[in-house]
Number of protein chains: 2
Amino acid sequence: MTSSEENYIKGIFHLSQGGQHSITTSALAEKMETKPSSVTDMVKRLAEKGLLHYKKYQGVRLTEEGAGHALKVIRKHRLWEVFLVDKLNFAWDQVHEVAEQLEHIESEMLVDRLDALLNFPEFDPHGDPIPDKEGRFKTREKKLLSAMPAKSRGICVGVKDSSSQFLKFLDKYHIELGNTIEVLERESFDRSMHIQVGKRKLQISHQIASNLYVKPQPE
Amino acid sequence: MTSSEENYIKGIFHLSQGGQHSITTSALAEKMETKPSSVTDMVKRLAEKGLLHYKKYQGVRLTEEGAGHALKVIRKHRLWEVFLVDKLNFAWDQVHEVAEQLEHIESEMLVDRLDALLNFPEFDPHGDPIPDKEGRFKTREKKLLSAMPAKSRGICVGVKDSSSQFLKFLDKYHIELGNTIEVLERESFDRSMHIQVGKRKLQISHQIASNLYVKPQPE
DNA sequence: ATAAATATTTAGGCAAATCTAAAAATATGT
DNA sequence: ACATATTTTTAGATTTGCCTAAATATTTAT
Ligand SMILES: [Mn+2]
Ligand SMILES: [Mn+2]
Ligand SMILES: [Mn+2]
Ligand SMILES: [Mn+2]
């Protein structure tokens with residue numbers, strides 16, 4: 001399987017996580033930053049190889065085999081991200097591009113040994129779950145901070161937007177995965193929020209709150 | 001630069017180390033395990049990009065830029081080999097294939113941090129020198145064991161053949177880089193040698209002796 | 001229900017990297 | 001020197017992955 005094929009499979013997998021049964025040509029074209037005609041070409045090849053189901057004008061859906069392959073690529077991507085952060089001291093906004101390359105390296109031994117070196121991490125630096133050898137991964141209860149009511153608390157467990165700009169913004173305000181965040185007050189006018197992170201109080205816009213995942217805490 | 005282009009540049013660089021001024025199309029075709037006509041195509045493209053000098057029927061020679069690029073790829077290849085052996089416990093006969101893939105990953109930060117993680121190694125698991133950031137590398141005096149006279153001693157510092165079969169053969173007889181090897185006697189008939197490795201005495205064929213490099217020791 | 005807008009596919013082309021077969025240049029042997 | 005052998009290049013095809021423009025199917029709006 002080529003890198004390009006793997007990227008398409010991964011793109012389809014991610015779009016499928018959004019709940020849709022079938023992924024349209026145009027949605028996939030947008031995701032892959034390519035033209036719909038190129039997508040049609042590629043999905044025909046992938047259907048040929050048994051990695052997805054494709055009927056003209058009906059969009060695509062991964063086969064078991066296709067989804068399995070997607071999970072392997074995602075596993076590699078996220079393990080490499082952990083490696084870059086934990087072992088090479090990359091910042092969490094610097095790892096994605098390199099992981100995009102490393103995820104295509106073929107060697108089962110490499111992946112498994114890397115997994116062991118990193119102590120079998122269950123989540124990547126952005127809070128996304130890492131599939132194990134069999135493709136299984138932990139899910140955890142999480143809600144967008146923007147969906148949390150006033151007076152509630154949660155632990156920051158992930159980001160929805162993992163762009164370098166957003167991650168650097170979080171760094172600037174010292175918001176990290178693992179922090180406890182309490183919602184002090186919600187402004188209905190602009191949907192901004194007053195929150196407390198550890199001892200610090202700050203006000204964040206809706207845009208920020210709607211890209212941070214928290215695990216709601218009791219009490 | 002594509003992986004394929006990098007592989008050609010690396011192939012030419014290695015052939016050039018054998019002393020020839022100019023590398024012929026057929027020599028390169030053999031090295032790259034491809035057809036001469038494919039080589040002609042590729043070297044035209046590489047000449048176009050300024051990575052090598054090419055005149056029809058005259059063979060090729062790397063430019064400064066081409067050689068510099070080759071050194072970068074070789075640096076990455078050998079650093080990754082060290083990583084696989086030192087950090088992921090690969091055997092020295094298992095690293096080459098994976099390093100062939102990893103050497104094409106593009107990220108200067110990755111290479112430099114990896115170098116640091118490994119404590120700036122100067123030689124790879126097969127005894128080959130690792131170029132530094134500027135492309136400079138240590139050379140050390142080394143001779144083929146087959147060229148050592150009787151009663152002489154040397155330290156095993158490298159292999160000429162780094163095929164998995166040869167490396168596994170050395171493992172089987174517990175011959176490792178760093179071992180002191182003494183030549184006890186040379187058989188002129190079949191050119192086999194009686195050697196002493198540490199406390200152990202053994203007899204090795206010319207084929208083995210002519211693929212092991214030693215650094216001659218005084219006395 | 002029909003027309004207009006939108007989405008998707010097809011057709012035809014291009015660049016990279018490979019191949020085979022044929023042509024051209026170079027090297028070798030008597 | 002000249003014929004023969006070898007090496008190298010060219011010509012033409014193939015596959016992957018992409019493009020643009022045109023054709024076709026589907027969806028939406030009147
Ligand atoms: Mn990523
Ligand atoms: Mn990630
Ligand atoms: Mn190697
Ligand atoms: Mn090596």
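Please read these numbers as outputs of a predicted model, since none were measured by experiment. Proteins come first, then strands; the chains are lettered A, B, ... in the order of their sequence lines, and each starts at number 1.
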Euclidean distance, atom [atom1] of residue [X] to atom [atom2] of [N] [Å, nearest integer]:
X     : N      : atom1 : atom2 : answer
A:M42 : C:dT9  : CE    : P     : 15 Å
A:I9  : D:dT16 : CD1   : P     : 15 Å
B:K55 : C:dT26 : NZ    : C1'   : 16 Å
A:L51 : D:dT16 : CG    : C1'   : 15 Å
B:M1  : C:dA17 : CE    : C1'   : 14 Å
A:E33 : D:dC19 : CD    : P     : 11 Å
B:E6  : C:dA16 : CD    : C1'   : 15 Å
A:I23 : C:dT8  : CD1   : P     : 11 Å

From D:dT9, D:dT20, C:dA17, nucleotide with atom closest to B:R45 side chain: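 Closest nucleotide to the B:R45 side chain: C:dA17.
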Minimum-distance nucleotide (side-chain atoms of A:D41 versus D:dC18, C:dT9, C:dC19): D:dC18
Cation-pi, A:F123 ring and A:R78 (6.0 angstrom, 45 degrees): no
Test item: B:Q101 side-chain N/O and A:E106 main-chain N/O as donor-acceptor pair under 3.5 Å: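 Yes: the side chain of B:Q101 pairs with the backbone of A:E106.
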For [N], does either OP1 or OP2 sit under 4.0 Å from a side-chain N or O belonging to [X]?
X     : N      : value
B:K35 : D:dT8  : no
B:T34 : C:dA17 : no
B:Y57 : D:dT10 : no
B:T24 : D:dT7  : no
B:K56 : D:dT7  : no
B:Y8  : C:dA16 : no
B:S38 : C:dT18 : no
B:S37 : D:dT10 : no

Minimum heavy-atom distance between A:G66 and A:I9, given as atom pair plus value: O-CG2, 3.3 Å
Any side-chain donor near an acceptor of the partner, A:H96 and A:H77, under 3.5 Å: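 Note: A:H96 and A:H77 side chains meet the donor-acceptor criterion.
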Residue mapping more 5' on DNA chain D - nearest nucleotide basis, B:G59 or A:S4: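 It is B:G59, whose closest nucleotide lies nearer the 5' terminus.
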D:dT6 base / B:S26 side chain donor-acceptor hit below 3.5 Å: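 Checked by distance alone, the answer is no.
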Nearest-0.5 Å distance that lies between atom CZ in B:R61 and atom NE2 in B:H53: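 Reported value, rounded in 0.5 Å steps: 4.5 Å.
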